Every structure is written in structure tokens, then in C-alpha cells.
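Notes follow once the structure below has been shown.
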Amino acid sequence: MAVPKRKTSPMKRGFRRSADALKQPTYVEDKESGERRRPHHIDLKTGKYRGMQVLEPQEDA
């Protein structure tokens, strides 16, 4: 049976467990287009942010 040679320090244990606190990214439904996007990000399809035109809309290829 494998037995650790030394005790794991609290710092190393914390490094290993830090990924446990990661959460899935959240998405909101855009009010104008109905597409899902990240909150506080520009909608790349329409190029709008908070109702203002910020970028040129992307053309579908």
C-alpha cells in the first residue's frame, strides 16, 4: 500500500483544492436579439452593448 513520506502542508493542500471553487460561466439572454451572451460583454452578432452600437455587426459567412 502506498503511504506518503511526508505530511502535505496546508499551502499545498490549498493549491490542490483551489480548483474546487471554480464555477461555470454565467450567461444571460440578450433583450434585443434573444441570443445568450456573457453579462457585461458586447453581443458580437449585433455589435451592441447596453443598447448602443459599439462594433460593426458580424456578417454570417
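These values consider heavy atoms only, across backbone and side chains, with no hydrogens, waters or symmetry-generated copies. If you're wondering where the values come from, they're calculated on a predicted model, not measured in any experiment.
- Heavy atoms of other residues, nucleotides or ligands lying less than 6.0 angstrom from OH of Tyr49 number more than 12.
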Name the atoms and distances for all side-chain donor-acceptor pairs under 3.5 Å in residues 19-30, with sequence neighbours left out.
unit_1	atom_1	unit_2	atom_2	d
Asp30	OD1	Arg37	NE	3.0
Asp30	OD2	Ser33	N	3.2
Asp30	OD2	Ser33	OG	3.0

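- Atom CZ of Arg16 has more than 12 neighbouring heavy atoms from other residues, nucleotides or ligands inside a 6.0 Å radius.
- Across all their heavy atoms, Gln53 and Pro57 have their closest contact at NE2-CD, 3.7 Å.
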